[in-house]
Amino acid sequence: MDYRPQDIERKWRKYWEDHATYKVSNDNDRPKYYVLDMFPYPSGAGLHVGHPLGYIASDIIARYKRLQGYNVLHPMGFDAFGLPAEQYAIRIGVHPEVSTAANVKTYRKQLDNLGFSYDWSRQINTSDPKYYKWTQTIFLKLFGHYYNKKTDKAETIDSLIQIFEKEGNQHVHAESTEETIFSAQDWNSYDAKEKDDILMNYRLAYRKIGFVNWCEELGTVLANDEVKDGRSERGNHPVIKRPMMQWALRITAYAERLLNGLDQVEFSEALKTQQRNWIGRSEGARIFFDIEDNDAKIEIFTTRPDTIFGATFVVLAPEHELVVQLTSTKYQNDVDAYISYATNRSERERMADKRVTGQFIGAYAINPITKKKLPIYISDYVLIGYGTGAIMAVPSDDERDNKFAKKFGIEIIDVVDLSAFEDAKIGDKRGVMINSDFINGMKVPQAIDRMLEEVEKRGIGQRKVNYRLRDANFSRQRYWGEPFPVKYDMDGVSHPEKNLPLELPELNNFKPTKDGKPPLARAEEWVNSSQGFTRELDTMPGYAGSSWYFLRYMDPSNEEEPFSQNAVNYWQDVDLYLGGAEHAVGHLMYSRFWHKFMHDLGIVPTEEPYKKLVNQGMIQGIIEDVYMLKEKQEGKTVFVSADKIGTYQEDQYTQIHTHIDFVEDYGSEHSYMNEKGIQQFKEWIPEYENAIFDTNDQGHLVTHSEVGKMSKSKYNVINPDHVIEEHGTDCFRMYEMFLGPLEQSKPWDTKGITGVSKFLRKFWNLYFGVDGSPVVTDVDPTPKELKILHTAIKKVNLALDTFAFNVAVAEFMVATRDLAKEKCTKRAILEPLVILIAPFAPHIAEEIWVNALGKEASIHHVTFPKHDEKYLVVSTHTYPIQLGKKVRAKVDFPAEASKDEIEQAIRNSPDLDSWLQGKQLIKVIVVPKRLVNLVAK
RNA sequence: GCUCGAGUGGUGGAAUUGGUAGACACGCAGGACUUAAAAUCCUGUGGGCAGUAAUGCCCGUGCGGGUUCGAUUCCCGCCUCGAGCACCA
């Protein structure tokens, strides 16, 4: 019987489903192991070959751990709220719920084809009211808590209110937006709205003014990605920054804990660095600068208080609240112009732009130490969202300040002498202070300390730890997201909705309203729910549902609570989390934050959600382009074969993407569209029906190929279904793993898949004869066979522990080749071998287990083999004898030979002279079990 | 501009983290089987030079230095590519 993957794979998948082979119980004596994949957003394009890479790897680990005796939780679900479904609804009119359900079905079918060992009874969907009921619940918990810095944890708003009622806020030490002090008497005299406003300063979920990219023409809010040069990418309409009251999460309260938590998790150093940089902790001081002829003060933040003697100007962010008040009439117009220029540019653009721009506002600040007059500028290199939105500029010790000073002709005073520090650069916190009065001669670190003392002594500022992390904007002006369980009374006071889930109202138009309100405003009955209450119109962002989903898998159908304490106390946390590096900061930061919050609430036992995290690389595709002339000929579009494009000037043509399915030999230099491909291309874009195709002599339109992201918009998505159909799931799984290291990006290419396909056949042939009957015998194995087996066991175990799946696959090939050479049919060898491969190729393993070895299903519940060193010992070792880096000879020595014995043998060897080639021997270096190196002159 | 990665045959990639560079696979070449092709199997395959040949010599892990008996691996300086970014005071 030949190996026919399609037949056996279908058969075993059905068996596993019927027997609930992968069902996981929360009630088990075995140690737990939780393997989690980042769940996909089910887009209309379906799963492509890039998705399964991580899923296959995690499935292999899940199966491996199961075979090692762990109770393995390995679930999958869908991150089903999101913009594409909503845009599809606006364009085509299909309700997001309908298109999402259809996409989920497709994804599920495709995932099933990959032979994963998910416990599908635990599947979740973030857009299901049964799920988002709990997302809303957790949101209300954030709304109902504040961060107490004294106890360093979240505590209830009710307890805060009690304090306010008794003693005001003067002894409260909490994370808050504003720091106005009030007494108990003040508090008790406030009306409901005033109290609500004050509490918003403390709540972990709170409302504040945020800026959105508003496009009047499109009547909608745009994402940063959709804005280019202050205009919408679609349609090129103007985009302005528009203030809007929005929900935000006070993640900054957890900055320190998010930072410290990184020390206890196993993430790659690169990823930890990224998160640390994102949090951006810096120690420094806030210092107040007086203003000439004005009572206001400018609060600046600096990490270099030592350089204050070199501060020669002050820069405010264009959005800074004092700008309006301080600008003199003479500069009013210039300042207004600059503000409108700066504020309507995205932060992305502001950052990429290297030009130095700014505007003097006609006012002066007073340096609190030197008492000198400093001109005040606004510039977009100072960001309103960081620090205090104002800096003291020290052009001698800061690169950007320096450029700015040069451009605007501002005085530069050297305050740090670097002459004694050769490799020190500007801003390095090294050097000796000069021109700085009482700190002259001090080294920088010492000078910083001294100045901090002085600042506090003089009462002009305090030490402060600053974070670059900002509170997370939690509002979206969209339909397809979790509704906020919040309503407002006639005074605008916010009230939590008690009756959860608060379901999305039915709509058939998902556009914003004409007056710019979010789509939910269209559901008038829903919005104006009961006596005078109106509902929140925004919905939650995509990361709401994904911030806690891993906890729901532990107890997915619980209707009383998000998850039971029993479940979470058993499963604890995620042992291995696998997903793309694009979520390295956002998602991970938010879910770590939510987790810590829930830990404060006492509903999760661990401080960190993910013990170990591995990022998989991206699978790249091939982008195929055709050349199109910009000028039409006789009203017809002209496409020119790539091998003939050289006759045109570069500005005469442009490249447009074609679908890779139309291209022969795609990815190669000679890739082309033949007659059929051109025909498909015409049908695909009907406006080119009458286009001229300037082909080469063979009638081919040669295309341009390059490696790039696999994406629907580049028409290069490769769907795994066809590959699986042709070669089988086991082959596909092993091939994806064989491509290279998991973490590395690589282009998709099926050229090599025949190698894996051939291997599986060879592997099959170890167990089945040409007539299809099993050939396994009970004869005792030879030492050689045992060595092959145990080498494989050792290497595969090591590879699995280090996520070197490609190496493991290679090892299977080696072992199979060697055993085939030995014509090995011994059960003692072949039985462990098939268990070894089971995590990688689960179907063929099960088939062999049952039909060649006569065992009972399932192989996926047996025990993974461990190697025994005794089969690996060798009696002799061949040592290369090197002179310099050249191998002169090879000599065998007994494996147990000592360094000295080998050295003596070498020194006494009659061949020594010939190895040395007339040189003088100085030293013999023996590395046991490796090599011998002769050092000679 | 800043941060973090990565550069090894024609290609994807190995190398026990300082010890024989190129495992395994693709591709290519030659051969076997076949009327032929496909499929399958076997052999060879980093580059250069010399030799009928076995073989020998030289070069070789992006480039230039350094440390070391020995460097793909460690250090310094460059180049190229990729990813991320919120000009972080």
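Each chain gets a letter, A, B and so on, in the order its sequence line appears, and its residues count up from 1.
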Between [X] ([atom1]) and [N] ([atom2]), how many Å, whole number?
X	N	atom1	atom2	result
E299(A)	A89(B)	CD	C1'	13 Å
L931(A)	G18(B)	CG	P	14 Å
N765(A)	U40(B)	CG	P	12 Å
L316(A)	C87(B)	CG	C1'	16 Å
E743(A)	A83(B)	CD	C1'	15 Å
M737(A)	A14(B)	CE	P	13 Å
L798(A)	U17(B)	CG	C1'	12 Å
R470(A)	C85(B)	CZ	P	13 Å

- prompt: Looking at K464(A) and E283(A), does any basic side-chain N land under 4.0 Å from a carboxylate oxygen?
  reply: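 Between E283(A) and K464(A) there is no salt bridge, as every charged N stays at least 4.0 Å from the carboxylate O atoms.
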query: Are any of the side-chain nitrogens in R281(A) or E256(A) under 4.0 Å away from the carboxylate oxygens of its partner?
result: yes
Of the candidate nucleotides [options], which contains the atom at the shortest distance from the side chain of [X]?
X	options	answer
N933(A)	G70(B), C88(B), G5(B)	G70(B)
I925(A)	G5(B), G19(B), A89(B)	G19(B)
R400(A)	U3(B), C87(B), C69(B)	C87(B)

message: Pair E903(A), R907(A) - check salt bridge (Lys or Arg N to Asp or Glu O under 4.0 Å), show working.
response: CA-CA 6 Å; E903(A) 178 166 350; R907(A) 285 186 182 274; 3.1 Å; yes
query: Is the distance between the ring centroids of Y341(A) and Y338(A) less than 6.0 Å?
result: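 That pair passes the under 6.0 Å test.
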message: I want to know whether Y381(A) and F404(A) have ring centres closer than 6.0 Å.
response: yes
query: If you look at every strand shown and take non-hydrogen atoms under 4.0 Å, does L271(A) touch a base, only sugar-phosphate, or nothing?
result: nothing
message: For Q6(A), I'd like to know if atom CD has over 12 heavy atoms of other residues, nucleotides or ligands within 6.0 Å.
response: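 Enclosed.
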Using the [atom1] atom as the reference point in each nucleotide, state the distance between [N] and [M] in Å, no decimals.
N	M	atom1	value
U73(B)	A6(B)	C1'	15 Å
G12(B)	C58(B)	P	30 Å
A29(B)	G10(B)	C1'	13 Å
U16(B)	A21(B)	P	14 Å
U8(B)	U72(B)	P	14 Å
G64(B)	U80(B)	P	16 Å
C81(B)	C76(B)	C1'	22 Å
G18(B)	A23(B)	P	23 Å

- prompt: Under 4.0 Å: is that the gap between some side-chain N or O of Q744(A) and OP1 or OP2 of G13(B)?
  reply: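 True: Q744(A) side-chain N/O within range (under 4.0 Å) of G13(B) OP1/OP2.
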query: So F812(A) and F763(A), ring pair (Phe, Tyr, Trp, His ring centres under 6.0 Å) or not? Walk me through it.
result: CA-CA 9 Å; F812(A) 283 122; F763(A) 186 81; 7.2 Å; no
query: What distance do Q246(A) atom CD and F474(A) atom CZ have between them, rounded to the nearest 0.5 Å?
result: 12.0 Å
- prompt: 5'-most contact on RNA chain B: Y467(A) or A270(A), nearest heavy atom basis?
  reply: A270(A)
query: Taking for each residue the nucleotide of RNA chain B with the nearest heavy atom, is it T388(A) or E269(A) whose nucleotide lies nearer the 5' end?
result: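 Upstream on the strand: E269(A).
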- request: State whether the distance check finds a donor on one side and an acceptor on the other, under 3.5 Å, for side chain R930(A) versus base U16(B).
  value: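 In this structure, the two groups form a donor-acceptor pair.
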- prompt: Within the side chain of R592(A), is there an N or O that forms a donor-acceptor pair under 3.5 Å with the backbone of L258(A)?
  reply: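 A pair under 3.5 Å: yes.
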- request: Could you tell me whether the side chain of T878(A) and the main chain of D892(A) form a donor-acceptor pair under 3.5 Å?
  value: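 Checked: no pair found.
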Strand RNA chain B as a dot-bracket string - pairs counted if Watson-Crick or G-U with both distances under 3.5 Å, | where the partner lies in another strand: (((((((..(((......[....)))((((((.......))))))(((((....)))))..(((((..]....))))))))))))....
- request: Going by the side chain to side chain contact (heavy atoms under 4.5 Å, CB included) test, name the single residue among V614(A), L588(A), V265(A) that passes it with L271(A).
  value: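 In the set V614(A), L588(A), V265(A), the residue that makes a side chain to side chain contact (heavy atoms under 4.5 Å, CB included) with L271(A) is L588(A).
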query: Syn or anti for G9(B), taking syn as within 90° of 0?
result: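 For G9(B), whose glycosidic angle is within 90° of 0, the conformation is syn.
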- line: 5' to 3', nucleotides 22-27 of chain B under a 4.0 Å protein heavy-atom cut-off (B base, S sugar-phosphate only, - none) gives -BBSS-
